[in-house]
> 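First, the structure itself, so that you have it in front of you.
Counting begins at 1 with the first residue of the sequence. Treat the numbers as computed from the prediction; the structure is a model and nothing was measured. All values below come from the heavy atoms of this structure, side chains included, with hydrogens, waters and symmetry mates left out.
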Amino acid sequence: MTSFLQSLLDPKKNWLAAQHMKTISKRLRHYGLRYDDLYDPYYDLDVKEALNRLPREIVDARNQRLKRAMDLSMKHEYLPENLQAMQTPFRSYLQDMLALVKKEKSEREALGALPLYQRTIP
């Protein structure tokens with residue numbers, strides 16, 4: 001059953017998935033974002049931990065892309081066409097670190113250790 005679902009979501013095998021990926025790519029290029037920029041560190045603590053482990057230059061570039069996207073959105077504008085052509089929306093920088101953080105978290109849970117971070121209500 002899971003292989004059937006994966007084949008449905010794989011853009012190489014499913015035409016609708018490929019069209020969806022193309023649409024997402026176009027919309028991300030309009031604002032100069034990458035797909036990994038859409039992960040919210042306030043929603044998922046694993047994302048926050050992964051961002052903390054990344055080099056400062058990568059996090060600064062992410063923040064700059066997000067600020068530029070918000071600025072363009074507020075002005076109701078898009079990036080110029082020549083800059084849109086240079087964008088790489090599906091070039092990942094967060095997935096490897098996020099997978100490592102999730103693996104460490106599941107390993108700690110399997111061993112019965114306390115989590116490294118917990119959401120607290122102020």
> If I compare all heavy atoms of Gly32 with all of Arg65, which pair ends up nearest, and what's the gap?
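For Gly32 versus Arg65, the nearest heavy atoms are O-CD, 3.4 Å.
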> At what distance, to the nearest 0.5 angstrom, does CG of Leu111 lie from CD of Glu109?
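Result: 10.5 Å between the selected atoms.
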> Quick one: name the residues clustered hydrophobically with Trp15, using the 4.5 Å side-chain heavy-atom rule over I, L, V, M, F, W, Y, and just say none if it's on its own.
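Reading the cluster by chain and number, Trp15 sits alongside Leu16.
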> Run through Thr88, Leu38, Asp37 and flag the one making a side-chain contact (heavy atoms from CB on, under 4.5 Å) with Leu28.
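Output: one option passes, namely Leu38.
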> Which heavy-atom pair separates Ala50 from Leu94 by the least distance, and what is that distance?
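Heavy atoms of Ala50 and Leu94 come nearest at CB-CD1, 3.9 Å.
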> Flag yes if Phe90 and Met86 sit in one hydrophobic cluster, no otherwise; membership is Ile, Leu, Val, Met, Phe, Trp, Tyr, and two members link when side-chain heavy atoms are under 4.5 Å apart.
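Phe90 and Met86: one cluster.
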> Gln87 side chain to Leu83 main-chain N or O, any donor-acceptor pair under 3.5 Å?
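Between the backbone of Leu83 and the side chain of Gln87 there is a qualifying donor-acceptor contact (under 3.5 Å).
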> With rounding to the nearest 0.5 angstrom, report the CD to CZ distance, Glu81 to Arg29.
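The distance works out to 11.0 Å.
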> Does the side chain of Asp60 reach to within under 4.5 Å of the side chain of Glu57, using non-hydrogen atoms?
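Not in contact.
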> Nearest 0.5 Å, what's the CG-CD1 distance between Asn63 and Ile58?
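Interatomic distance, Asn63 CG to Ile58 CD1, rounded to 0.5 Å: 12.0 Å.
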> Is it true that, when you exclude Tyr35 itself, more than 12 heavy atoms of the residues, nucleotides or ligands shown sit nearer than 6.0 Å to its OH?
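For Tyr35, atom OH is not crowded (no more than 12 foreign heavy atoms under 6.0 Å).
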> Please report the closest heavy-atom contact between Ser106 and Lys103, naming both atoms and the distance.
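Answer, listing the atom of Ser106 first, then Lys103: OG-O, 2.9 Å.
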> Any chance you could lay out the salt bridge (charged side-chain N to carboxylate O under 4.0 Å, His left out) test for Asp44 and Lys102, step after step, and finish with the verdict?
CA-CA 11 Å; Asp44 188 3; Lys102 288 184 184 283; 3.7 Å; yes
> Only counting residues at least two apart or in another chain, list the ones meeting side-chain hydrogen bond (donor to acceptor under 3.5 Å, both in side chains) with Arg53.
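Result, side-chain hydrogen bond (donor to acceptor under 3.5 Å, both in side chains) vs Arg53: Glu49, Glu104.
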> Is there side-chain contact between Met21 and Ile24, with heavy atoms separated by less than 4.5 Å?
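Met21 does not reach Ile24 side chain to side chain.
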> Tell me, with the steps shown, if Lys67 and Asp71 meet salt bridge (charged side-chain N to carboxylate O under 4.0 Å, His left out).
CA-CA 6 Å; Lys67 285 179 184 179; Asp71 183 50; over 6 Å; no
> Side chains of Tyr31 and Gln84: do they bring a donor and an acceptor to under 3.5 Å?
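No, Gln84 and Tyr31 have no side-chain donor paired with an acceptor closer than 3.5 Å.
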> Any luck finding a side-chain donor-acceptor pair between Arg27 and Thr23 under 3.5 Å?
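Their side chains do not contain a donor-acceptor pair, so the 3.5 Å distance test is not met.
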> Give a yes or no on this: more than 12 heavy atoms of other residues, nucleotides or ligands lie within 6.0 Å of atom CD of Gln95.
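Counting other residues, nucleotides and ligands, CD of Gln95 exceeds 12 neighbours.
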> Under the criterion side-chain contact (heavy atoms from CB on, under 4.5 Å), which of Asp36, Leu51, Leu54 is the partner of Arg62?
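Output: one option passes, namely Leu51.
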> Quick one: OG on Ser25 to NE2 on His30, what's the gap to the nearest 0.5 Å?
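Ser25 atom OG to His30 atom NE2 measures 9.5 Å (nearest 0.5 Å).
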> Using modelled atom types only, decide if a donor and an acceptor are shared between the side chain of Ser73 and the backbone of Ala69 within a distance under 3.5 Å.
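It does not hold such a pair.
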> Using modelled atom types only, decide if a donor and an acceptor are shared between the side chain of Glu77 and the backbone of Leu72 within a distance under 3.5 Å.
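Not confirmed, Glu77 side chain does not pair with Leu72 backbone.
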> Are any non-hydrogen side-chain atoms of Val47 and Asp40 less than 4.5 angstrom apart?
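With C-beta onward as the side chain, the pair stays apart.
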